Structure formats: structure tokens, C-alpha cells
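Right, one structure below, let's go through it.
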Amino acid sequence: MERLKLAILKGKPEIFYTLQGEGSSMGMPAVFIRSSLCNLHCSWCDTDYTWNWKGTPWKHENDSLEGYQKFEKSEYIVEPEYEAIHDMITDFGCANLIITGGEPLLQQDAWIPLLKKLRETDPEFRFEVETNGTQTPSDELVPFIEQFNVSPKLANSGNSVDKRINAEALAFFAQHPNSWFKFVIAEESDMTEVNQIIDKHQLPKHKIILMPEGRTRLALNSRRGWLADLCIEQGYRFGDRLHIRLWGAKRGV
């Protein structure tokens, strides 16, 4: 059986209990489990240790920081037994699980045994998946997921449009009642692209969230005013990054 490839935090799988910091469930207590690997390579990504491997050509904003270097892939991925993952999650006593990444839908088949086991332990378990919207969920996975948090990437991510936009996957999410859509906004001009994606792929406007790009409180503050005004003007929901507000750019919170 294929094992899940998870990110590592302090020598263990990156599984932690906190408040959901983004999206329509913001503020909800939840357990997070972070998968490794991603098919996109966003220049502002704050989980670049899940994809920015040594020897790869991808660029990141941190390249200009002294001491920053790409990650040794073998040192940042762990493949634990399902029983160990199950126990780490259930020990928190919280039945809300956020599956994040990286891009978790790259490992769809490997999630199913874990989700089955958790539901057998507690039928009240609720599962959310955070995804970049480029992978269509399988028929086997969909029944387990209460919410898809879909974040299509814009040109500001540094990814080419053919890599970051998948019409088939977006068509699935657009018609699925459990989907929400979050766009990361860096500049006011990003709204032209956002509206084009929404119109072209018929995304439900009442389930659109606009979130300022930023890995610091200062960066978020610099964008929140004009973005809030745009949300009011165009009728979209404003989203923040609660975890950055509360704890800064730390892992495991």
C-alpha cells in the first residue's frame, strides 16, 4: 500500500492542532496535516519546503535572503505508518481535520485508508481539503470530503497559466456544493484576472473569498484596506490570514 508523503516538523510528520486561519472556516479549531509535494511553485509560497528541492530551477522570493537555500528532498519528507498518523490526529481530541500541502490531491489514493480509519474511530470526523484547483478529485475520495477550499493561482504566483489553470478540475469544483474559492491578491490589478477566471469557469460568486497576499502582519495591513473596498464594491467575501495575525509566520500554528 502506498504511504502518504508528509512534510516534517521538528523531526515528526507535520500534524498540529490550531485555529483555521483562512477561508470560510476561519477561526474554527482544527487539526492540520500537511502533505509534501506540489505541482505548482508559487514565488511567494510559505510552504516552499514541500517542493523547492535542491537541483530544481524554480524561483522563490526568499532567494534574495542571506542563507536561504533550496531543500534536500529526502530530509523534508516522511512516510509514516497509517496507525501512527491516525494516533497523532486522534490524540488532539478534535474531529475537524484540514488536509493541506503542498498539493494534497496529488496523493488521492493514499488519503483514503486514513480517512476511512478516522471515520471508523469517530463518525463525527469532518474533512476539509486545501487545493490549488488543478487536480480533479476522484470518485473514491469525494464522499469523504465536507469542504474543498480551492485556491486557483494567479499570474502573481509566477506559474504559467497552463500549469495553474485546469478547466476540467475547475468545472468539477464549480458544480460541487462543498467548494469554496479563495484568490490571493497582491495588487489591485489582479482583480482583472480574478474576474476573468470566475466568468470563464462559471465559479459561484457568492462562494468567492479574496485574501491579501502577505507573510507578515505589515504586508497584510498594506493590502487589507483597498482589498476590503474592492470586496464591498464587487460583492465578494473578504478573507484574512488569522494565523499570521495571531502568531506571525511560524510553522505548526
Side-chain angles (χ1 to χ4, degrees), residues 1-40 47 49-51 76-151 166 168-182 207 251-253:
M1 180 185 299
E2 181 182 358
R3 292 187 186 179
L4 282 167
K5 295 176 175 60
L6 303 180
I8 295 176
L9 178 62
K10 297 179 180 179
K12 298 180 180 180
E14 188 168 344
I15 300 172
F16 56 95
Y17 178 51
T18 186
L19 301 177
Q20 168 64 294
E22 300 176 0
S24 65
S25 301
M26 186 171 65
M28 179 182 72
V31 178
F32 278 73
I33 178 169
R34 188 177 304 283
S35 63
S36 192
L37 308 180
C38 191
N39 60 316
L40 299 184
T47 58
Y49 54 90
T50 65
W51 57 265
Y76 282 84
I77 294 179
V78 63
E79 299 181 49
E81 298 280 354
Y82 280 105
E83 189 70 35
I85 303 173
H86 168 276
D87 291 349
M88 289 183 68
I89 292 170
T90 56
D91 282 350
F92 290 113
C94 175
N96 295 316
L97 181 67
I98 312 293
I99 300 168
T100 190
E103 174 47 60
L105 293 185
L106 294 177
Q107 303 185 62
Q108 295 191 47
D109 291 345
W111 286 111
I112 293 172
L114 174 64
L115 303 188
K116 284 182 178 178
K117 189 171 184 61
L118 289 169
R119 281 268 170 82
E120 290 170 359
T121 300
D122 183 355
E124 297 301 313
F125 255 103
R126 178 181 180 277
F127 304 125
E128 292 187 22
V129 170
E130 298 188 332
T131 174
N132 59 33
T134 64
Q135 310 295 311
T136 303
S138 68
D139 292 340
E140 293 75 22
L141 180 67
V142 169
F144 287 98
I145 309 303
E146 274 75 24
Q147 187 166 311
F148 290 102
N149 301 318
V150 186
S151 183
N166 180 331
E168 177 184 341
L170 287 180
F172 168 87
F173 290 119
Q175 60 79 37
H176 198 282
N178 295 355
S179 298
W180 281 84
F181 300 86
K182 178 189 71 183
K207 301 185 80 174
R251 293 179 62 184
V253 294

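Keep in mind that what you see is a predicted model, and the values were worked out from it rather than measured.
Arg126 contributes atom CZ, which lies 16.0 Å from atom CZ of Phe144 (distance to the nearest 0.5 angstrom). In this structure, CG on Leu106 lies 9.0 Å from CG on Leu40, to the nearest 0.5 angstrom. Taking CZ from Arg3 and CD1 from Ile77, the interatomic distance works out to 14.0 Å, rounded to the nearest 0.5 Å. Rounded to the nearest 0.5 angstrom, Thr50 OG1 and Ile8 CD1 are separated by 12.5 Å. Atoms OH and CG, from Tyr17 and Asp91 in turn, are 13.0 Å apart once rounded to the nearest 0.5 Å. Atom OG1 of residue Thr121 and atom CD1 of residue Ile89 lie 10.0 Å apart, to the nearest 0.5 angstrom.
When atom types are taken as modelled, the side chain of Glu103 and the backbone of Asn132 share a donor-acceptor pair closer than 3.5 angstrom. No donor-acceptor distance shorter than 3.5 angstrom exists from the side chain of Ser36 to the backbone of Trp51, with no hydrogens or angles considered. Without hydrogens or angle criteria, Trp111 side chain to Pro104 main chain gives a donor-acceptor distance under 3.5 Å. Checked by atom type and distance alone, the side chain of Asn178 never pairs as donor or acceptor with a backbone atom of Phe148 at under 3.5 Å. Using a distance-only test at 3.5 Å, with no hydrogens or angles considered, a donor-acceptor pair links the side chain of Lys207 to the main chain of Ser179.
For Tyr82 and His86, the distance between ring centers is not under 6.0 angstrom.
Minimum interatomic distance between Ala30 and Cys94 (heavy atoms only, all atoms of both residues): CA-SG, 3.8 Å. In terms of heavy-atom proximity, Leu9 sits nearest to Gly252 at CD2-CA, 3.7 Å. For the residue pair Ala95 and Asp122, the shortest heavy atom distance occurs at CB-OD2, 4.0 Å. Scanning both residues, Ile112 and Leu141, for their nearest heavy atoms gives CD1-N, 4.0 Å. What you find for Gly133 and Ala169 is that their closest heavy atoms are O-CB, 3.3 Å. Of all heavy-atom pairs between Leu118 and Phe125, the closest is O-CD1, 3.4 Å.
In this model, no donor atom of one side chain and acceptor atom of the other lie less than 3.5 Å apart for Glu22 and Ser151. Defined by atom type and a distance below 3.5 Å, a donor-acceptor pair is present between the side-chain atoms of Glu128 and Ser25.
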(request) Using the side-chain contact (heavy atoms from CB on, under 4.5 Å) rule, take Met28 and Ile98 through it: C-alpha gap first, then chi angles, then the decisive distance, then the call. (result) CA-CA 11 Å; Met28 179 182 72; Ile98 312 293; 4.2 Å; yes

(request) Kindly indicate, with the supporting measurements, whether the criterion side-chain contact (heavy atoms from CB on, under 4.5 Å) is fulfilled by Thr47 and Thr100. (result) CA-CA 10 Å; Thr47 58; Thr100 190; over 6 Å; no

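In this structure, the side chains of His176 and Pro137 stay at 4.5 Å or more apart for every pair of heavy atoms. Side chains of Glu79 and Glu2 form no contact here, defined as non-hydrogen atoms less than 4.5 Å apart. Contact annotation: the side chain of Met88 never approaches that of Val31 to less than 4.5 Å [non-hydrogen atoms, C-beta and beyond]. Residues Ile33 and Pro13 form no side-chain contact, since every pair of their non-hydrogen atoms from C-beta on lies 4.5 Å or further apart. Side chains of Gln20 and Asn149 form a contact here, defined as non-hydrogen atoms less than 4.5 Å apart.
For Gln175, the CD atom sits in a packed shell: over 12 heavy atoms of surrounding residues, nucleotides or ligands are nearer than 6.0 Å.
Every residue meeting the salt bridge (charged side-chain N to carboxylate O under 4.0 Å, His left out) condition with Glu14, not counting sequence neighbours, appears here in chain and number order: Arg34, Arg251.
Within the structure, salt bridge (Lys or Arg N to Asp or Glu O under 4.0 Å) contacts touching residues 136-151 (residues at least two apart or in different chains) are Arg119-Glu146.
Below 30°, between 30° and 60°, or above 60°: for Tyr76 and Tyr49 the angle between ring planes is between 30° and 60°, a tilted geometry.
Tested against Gln135 for a side chain to side chain contact (heavy atoms under 4.5 Å, CB included), the candidates Leu105, Asn166, Val129 yield a single pass: Leu105.
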